[in-house]
Amino acid sequence: MRKGGKRKSTSQKQETEVKASSSSQENQKENHKLTSQAKRAKTSKPQPQLEYFEDKRNLEDLWKAAFPVGTEWDQLDSVYQFNWNFLNLEEAFEEGGRLYGKKVYLFGCTEPQLVPYKGENKVICIPVVVAVVSPFPPSDKIGINSVQREAEEIVPMKQMKMDWVPYIPLENRDSQVDRLQSQMFILSCTQRRVALKQRKIDRLKKYEYCLPYFYQPLKEDELEQSTEVQIIFPAAQKPVFCEFDWELDELDEFTDQLIEADELDKDKKDAFKEFVKERVREAKKANRQAREARKKALEEMSEETKAAFVNMRFYKFYPVPTPDTPDVSNVKVLWEGS
């Protein structure tokens, strides 16, 4: 009996040891699990906050793509210092807009205006976009004019490194340009500012006084040609600036009045009169050539082209108000229909 009791005692002891060992292993596993969780808790990094950006509108950069012709080169950067919004121009190309489904040629320009901004008045170069509805390029020439010039100079656009090029909306920029049937064209200029700085000052100034020259043969015949000439007579002390109308002014009387007003030296009277006569001859010749050119153009013009000139429309767009840009609502100079 005692031997059997010993075996039972030994068996109970082994069972107790097995249970203790099992309990110890479970405790170790639990501790290891807690340690791992603690390590993960320590090493976990805060999740970064997601940033959301608004999708770019399809025509958002259209106003920037159209070259601001006639803007002084040293003012070009200031035009883009504000994030101007031309949503009105973009909406004009949408269904129901005045430019929807039409072939349009666009160019930019600027209007320096004194406007309020952040509590003070500042002179700001306001960007403006002009849209011309036409089935063909409305002009291939640039007019260069200023108060210092005796007459407007008309030159080919390509001479000023300008041309009409297709504008590709954002959603189509992955497509091949030659496969797109573009209805939007912008005036582009490939003249580099760095290269222009090395040219003569007169070449630089031409860019500051130029605008597309629009020829309207059907309407210009209805207008009276000017009989005035701008006179800038060189003199030792100061040049003589005046306007002479060959139909209304008598040259001798006109010259005497300038001498009496101390605007012209008496000994320069004859030289001044010859100078004026030469300018009048040049102006009359230009008027005659313009009449002949219009007459020839009308004779050779097809009915389709005449209709295109009749239906050609110009629209002018200013930036819309936003909290981040100056308010230009009180300085707009609008055209009829714009």
Side-chain angles (χ1 to χ4, degrees), residues 53-100 102 104-134 138-139 142-147 162 164-165 167 169-170 184-189 191 193 204-214 312-338:
F53 298 94
E54 290 186 9
D55 291 336
K56 284 191 174 182
R57 302 187 302 274
N58 197 29
L59 305 179
E60 188 172 343
D61 65 351
L62 175 57
W63 76 271
K64 289 183 180 179
F67 179 67
V69 61
T71 304
E72 295 183 14
W73 284 90
D74 58 358
Q75 295 295 317
L76 277 177
D77 291 335
S78 70
V79 177
Y80 308 108
Q81 65 178 313
F82 300 105
N83 187 26
W84 300 102
N85 187 315
F86 279 83
L87 190 60
N88 52 345
L89 173 63
E90 298 169 39
E91 291 176 346
F93 285 95
E94 297 177 358
E95 188 172 357
R98 63 182 70 180
L99 303 179
Y100 177 72
K102 299 176 181 177
V104 183
Y105 295 81
L106 305 105
F107 67 92
C109 56
T110 53
E111 296 179 2
Q113 297 282 3
L114 186 67
V115 296
Y117 183 63
K118 291 186 176 180
E120 58 180 317
N121 291 330
K122 291 185 176 182
V123 176
I124 304 291
C125 265
I126 302 169
V128 178
V129 177
V130 177
V132 187
V133 177
S134 174
S139 175
I142 289 289
I144 304 170
N145 205 354
S146 71
V147 294
M162 298 183 194
W164 302 106
V165 299
Y167 170 78
L170 186 64
M184 302 165 63
F185 297 83
I186 54 172
L187 185 64
S188 173
C189 179
Q191 175 64 62
R193 277 192 277 181
L204 176 64
K205 289 296 180 183
K206 281 185 176 182
Y207 281 91
E208 299 175 3
Y209 299 129
C210 63
L211 279 175
Y213 177 77
F214 297 104
M312 191 178 291
R313 294 291 182 269
F314 293 76
Y315 299 97
K316 187 177 185 182
F317 294 88
Y318 283 87
V320 299
T322 68
D324 302 325
T325 56
D327 183 7
V328 304
S329 56
N330 293 325
V331 295
K332 296 180 180 179
V333 182
L334 296 175
W335 307 327
E336 183 179 354
S338 63

Within a strict 4.5 Å, meaning less than it, do heavy atoms of the Phe82 and Ile124 side chains meet?
yes
Apply ring pair (Phe, Tyr, Trp, His ring centres under 6.0 Å) to Phe93 and Tyr167, showing your working.
CA-CA 13 Å; Phe93 285 95; Tyr167 170 78; 8.5 Å; no
Exercise: identify the closest heavy-atom pair between Met184 and Leu62
CE-CD2, 3.7 Å
If I compare all heavy atoms of Pro138 with all of Tyr105, which pair ends up nearest, and what's the gap?
CD-CG, 3.5 Å
Less than 4.5 Å apart, side chain to side chain, heavy atoms only: is that true for Phe317 and Leu99?
yes
All side-chain contact (heavy atoms from CB on, under 4.5 Å) counterparts of Val165, not counting sequence neighbours:
Ile186, Ser188
Closest non-hydrogen atom pair, Trp84 against Val79
NE1-O, 3.0 Å
Quick check: do Pro169 and Leu59 have side-chain heavy atoms less than 4.5 Å from each other?
yes
For Pro112, all residues meeting side-chain contact (heavy atoms from CB on, under 4.5 Å), sequence neighbours excluded
Val123, Cys125
Do Leu187 and Trp164 touch side chain to side chain, with heavy atoms closer than 4.5 Å?
yes
Nearest heavy-atom neighbours spanning Pro319 and Pro127
CD-O, 3.3 Å
Pair Asp324-Asn83, side-chain contact (heavy atoms from CB on, under 4.5 Å): steps then yes or no:
CA-CA 7 Å; Asp324 302 325; Asn83 187 26; 5.9 Å; no
Trp63 side, atom CH2; Leu106 side, atom CG - distance, nearest 0.5 Å
14.0 Å
Do the non-hydrogen side-chain atoms of Lys122 and Pro326 ever get within less than 4.5 Å of each other?
no
OG1/Thr325 to OH/Tyr117 distance, rounded to the nearest 0.5 angstrom?
7.5 Å
Which residues pass the salt bridge (Lys or Arg N to Asp or Glu O under 4.0 Å) test with Asp327, not counting sequence neighbours?
none
Residue Gln81 excluded, over 12 heavy atoms near CD under 6.0 Å:
yes
Please report the closest heavy-atom contact between Val333 and Tyr318, naming both atoms and the distance.
N-OH, 2.7 Å
Could you tell me whether a side-chain N or O of Ser139 sits under 3.5 Å from a main-chain N or O of Tyr213, the two making a donor and an acceptor?
yes
Within-4.5 Å side-chain heavy-atom neighbours: Val69 and Cys189
no
Does Lys64 have any side-chain contact (heavy atoms from CB on, under 4.5 Å) partners at least two apart in sequence or in another chain, and if so, which?
Tyr80
Does any pair with a residue in residues 108-120 pass salt bridge (charged side-chain N to carboxylate O under 4.0 Å, His left out), and if so which ones, sequence neighbours excluded?
Glu111-Lys316
Considering residues at least two apart in sequence or located in another chain, which fulfil the salt bridge (Lys or Arg N to Asp or Glu O under 4.0 Å) criterion with Glu90?
Arg57
Minimum heavy-atom distance Arg313-Tyr315, with the two atoms named:
CB-CE1, 3.7 Å
4.5 Å side-chain heavy-atom contact, Ile142 and Met162:
yes
